[in-house]
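Presented below is the structure to which this report refers.
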Amino acid sequence: MAQLVYVNNPANGELIHTLQYDSEEAIVSKVESAAAAFSSWKQRSAHERAQLLNSWAKCIRENRQEIGELITLENGKPLPEALGEVDYAVSYIDWYAEEAKRIYGRTVPAHVPNKRITVTKEPIGLVAAITPWNFPAAMMTRKAAPALAAGCTFIVKPAEETPLTTIRLIELAHSVGIPEDALQYVLNEGPIVGEIFTSHKAIRKITFTGSTPVGKLLMEQSAQTVKHVTMELGGHAPIIVAKDADLNVAVEQTVTAKFRNAGQTCVSPNRLIVHEEIAEEFTKLLVDKVQTLKVGNGFDPDVNVGPIINKKGFIKIKEQIEDAVNRGATLACGNGYDIDDEKGYYFVLPTVITDIPLDAKIMHEETFGPVIPVVTFTTLEEAVTIANDSPYGLAAYFFTENYKDGLYLSENLQYGIIGWNDGAPSGAHIPFGGMKDSGVGREGGSEGIEPYLETKYLSVGV
Ligand SMILES: NC(=O)c1ccc[n+]([C@@H]2O[C@H](COP(=O)([O-])OP(=O)(O)OC[C@H]3O[C@@H](n4cnc5c(N)ncnc54)[C@H](O)[C@@H]3O)[C@@H](O)[C@H]2O)c1
Ligand SMILES: O=C[C@H](O)CS(=O)(=O)O
């Protein structure tokens with residue numbers, strides 16, 4: 001009897017839907033049908049693939065409200081954010097529908113007169129993806145769109161917490177003519193699917209978005225069949241607020257970046273590093289703004305911050321707060337929970353922590369919640385040292401009006417994404433990704449289709 005997966009609403013613990021896991025045999029069968037579909041899908045012209053992607057984007061837009069509500073139901077984020085995620089997810093399809101038509105080769109001047117050399121780009125083959133729950137739409141299309149645009153076929157395992165959005169998006173893709181075998185999903189637990197995906201020879205690439213420990217495991221497992229990998233992993237973003245920063249902009253952008261998705265984003269600020277001379281003024285402005293945020297069910301139009309996805313995530317946040325307090329930190333605001341273990345929902349009040357030592361857990365472990373610690377600095381060099389003291393290198397932010405200081409910071413922060421007076425730097429047209437333990441590869445931008453292509457050259461003797 002196949003195992004059932006229960007999809008619950010994280011805002012109240014209520015059962016939304018019951019799905020049946022695929023058996024391991026069924027997963028292998030789906031992998032093999034997706035591999036078999038590769039030869040016909042790659043034969044489609046780039047313009048036909050682009051047209052199908054544009055039809056998919058149009059269809060998603062026509063169903064924007066339904067998909068947004070599905071995201072809020074299974075992820076918990078406020079509906080306006082969920083609708084924004086639908087728009088963000090579609091923007092990747094829009095972008096790669098165009099990039100499909102710009103996969104260029106080139107000729108290379110021969111080193112001897114009797115040769116002609118051309119370089120071409122070919123689709124890599126069947127791509128297998130594993131995605132997280134925090135952006136169930138965008139993290140899937142950010143992979144499926146470039147893969148299909150390049151001529152690859154694609155199979156994805158969504159997170160157990162949020163399968164419904166991915167299923168619905170793929171149903172819409174099939175409804176506009178993207179072949180069912182070319183774009184598929186499988187349902188089962190991560191370790192089971194990961195083992196099959198990383199070991200099956202028909203899969204040429206693994207693309208993963210999720211935690212760093214799982215990413216490292218998938219990289220190890222993929223080595224046995226020499227698969228290409230793209231890894232979009234954990235983060236621990238610092239925000240540096242310089243002495244000359246526009247404090248209103250800094251507070252506004254910090255709140256935007258920090259409390260989006262209840263802080264459950266990979267680019268969410270995890271540390272505020274503020275110049276000592278403006279720290280008191282900045283922190284007061286920040287606390288005043290944070291205390292206006294309303295926590296609750298994402299369908300409530302007044303709610304700004306939804307629930308934590310599950311008990312595991314809640315416990316990690318609570319432990320980080322308790323560790324900070326045990327080390328003498330001050331809770332400037334927040335530090336409240338609304339939980340019901342029996343029903344299965346977990347809310348954390350937006351929390352600002354001050355007087356915190358640099359070796360506190362929250363200063364080094366990804367929080368993935370609506371909590372932020374504030375530490376101070378004297379010189380920019382000290383701020384950069386604190387900011388770079390992390391195994392992660394995904395996103396970093398800073399606020400200064402000084403051109404030279406901004407250049408210094410942008411050139412010395414070891415992060416793949418830098419926001420300068422900008423708390424929302426992401427976009428489909430920009431290469432998103434990190435350094436160090438934050439992963440390998442980029443998604444979005446012109447760079448984002450390269451991981452789905454093999455480079456080949458032809459040398460002709462004439
Ligand atoms: N860099 C990015 O773009 C990005 C985006 C979103 C989330 N994330 C990161 O993801 C993490 C939060 O998401 P999460 O808690 O769902 O991460 P997670 O790693 O626990 O799960 C992500 C996906 O991996 C699957 N999985 C879990 N264990 C697995 C295994 N052993 N083998 C194969 N698959 C497995 C899960 O089922 C899920 O589908 C955070 O660290 C966050 O920073 C990164
Ligand atoms: O959490 C991960 C997302 O990639 C963040 S963003 O919406 O792309 O900025």
Side-chain angles (χ1 to χ4, degrees), residues 7-14 16-17 60-61 63-91 131-142 158-159 161-166 168-169 237 251-270 286 288-311 313-314 317 333-334 336-340 343-352 367-372 423-427:
V7 186
N8 297 312
N9 180 342
N12 53 29
E14 290 173 4
I16 306 167
H17 203 77
I60 293 172
R61 286 193 174 92
N63 294 276
R64 179 177 185 262
Q65 186 68 26
E66 175 208 349
I67 296 165
E69 290 176 4
L70 209 45
I71 294 173
T72 296
L73 255 184
E74 61 179 3
N75 167 280
K77 66 181 70 171
L79 184 56
E81 271 192 44
L83 292 168
E85 184 189 342
V86 178
D87 299 337
Y88 183 44
V90 170
S91 71
T131 54
W133 48 262
N134 63 341
F135 289 84
M139 294 306 100
M140 190 276 273
T141 61
R142 189 156 88 176
E161 296 86 351
T162 55
L164 304 177
T165 303
T166 293
R168 188 66 184 123
L169 289 174
V251 167
E252 193 69 34
Q253 293 296 318
T254 295
V255 170
T256 298
K258 175 66 247 183
F259 299 102
R260 177 164 69 110
N261 205 9
Q264 298 169 116
T265 80
C266 56
V267 291
S268 185
N270 275 233
L286 176 66
D288 289 349
K289 180 72 177 175
V290 168
Q291 289 180 321
T292 67
L293 299 175
K294 183 178 177 187
V295 178
N297 189 310
F299 285 109
D300 177 338
D302 297 327
V303 160
N304 312 101
V305 179
I308 303 305
I309 189 71
N310 55 32
K311 182 173 184 178
F314 166 71
I317 297 163
C333 70
Y337 311 115
D338 172 15
I339 68 170
D340 187 319
K343 289 181 180 173
Y345 63 76
Y346 306 88
F347 293 89
V348 176
L349 290 187
T351 299
V352 177
T367 302
F368 237 56
V371 184
I372 191 150
S426 304

query: Considering residues at least two apart in sequence or located in another chain, which fulfil the ring-ring contact (aromatic ring centres under 6.0 Å, His included) criterion with Phe135?
result: none
- prompt: Any donor and acceptor pair, going by atom type alone, linking the side chain of Lys77 with main-chain N or O of Asn134 inside 3.5 Å?
  reply: yes
Show every donor-acceptor pair shorter than 3.5 Å between a side-chain atom in residues 295-310 and any protein atom, with sequence neighbours excluded, or say none if there are none.
from	atom 1	to	atom 2	distance (Å)
Asn297	OD1	Phe299	N	2.9
Asp300	OD1	Asp302	N	2.8
Asp300	OD2	Lys294	NZ	2.9
Asn304	OD1	Lys294	N	2.7
Asn310	OD1	Lys312	N	3.3
Asn310	OD1	Gly313	N	2.8
Asn310	ND2	Glu161	OE2	3.4

- prompt: Does Pro163 offer a backbone N or O that forms a donor-acceptor pair with the side chain of Thr166 under 3.5 Å?
  reply: no
Which atom of Phe259 lies closest to which atom of Thr351, heavy atoms considered: CE2-N, 4.5 Å
- request: Taking all non-hydrogen atoms of both residues into account, name the closest pair between Gly68 and Val86 and its distance.
  value: N-CG2, 3.7 Å
query: Passes side-chain contact (heavy atoms from CB on, under 4.5 Å), Thr131 versus Arg142? Steps please.
result: CA-CA 10 Å; Thr131 54; Arg142 189 156 88 176; over 6 Å; no
- prompt: Would you find a donor on one side and an acceptor on the other, under 3.5 Å apart, between the side chain of Gln264 and the backbone of Asn261?
  reply: yes
- prompt: Donor-acceptor pair, Thr256 side chain versus Glu252 backbone, under 3.5 Å?
  reply: yes
message: For the CG atom of Asp338 and the OH atom of Tyr346, what is their distance to the nearest 0.5 Å?
response: 11.5 Å
message: So does Ser268 get a backbone contact from the side chain of Asn270, meaning a donor-acceptor N/O pair under 3.5 Å?
response: yes
- prompt: Can you name the side chain to side chain donor-acceptor pair (under 3.5 Å) partners of Glu66, sequence neighbours left out?
  reply: Arg168
query: So how far is it from Asp340 CG to Asn12 CG, rounded to the nearest 0.5 Å?
result: 10.0 Å
Side chain to side chain donor-acceptor pair (under 3.5 Å) partners for Asp87, two or more places apart: Arg64
Between CD1 on residue Ile71 and CG on residue Leu164, distance to nearest 0.5 Å: 11.0 Å
- line: side-chain hydrogen bond (donor to acceptor under 3.5 Å, both in side chains) test vs Glu74 passes for just one of Asn9, Thr165, Thr162, namely Thr165
query: Can you name the ring-ring contact (aromatic ring centres under 6.0 Å, His included) partners of Phe347, sequence neighbours left out?
result: Tyr345
message: Ignoring hydrogens, what is the shortest heavy-atom contact between Ala237 and Val267? Give both atom names and the distance.
response: CB-O, 3.9 Å
message: Has Lys258 got a side-chain atom pairing as donor or acceptor with Pro269's backbone, closer than 3.5 angstrom?
response: yes
- prompt: Any sub-3.5 Å donor-acceptor pair from Glu85's side-chain atoms to Ala137's backbone N or O?
  reply: yes
- prompt: Under the side chain to side chain donor-acceptor pair (under 3.5 Å) test, which residues partner Thr141, sequence neighbours left out?
  reply: none
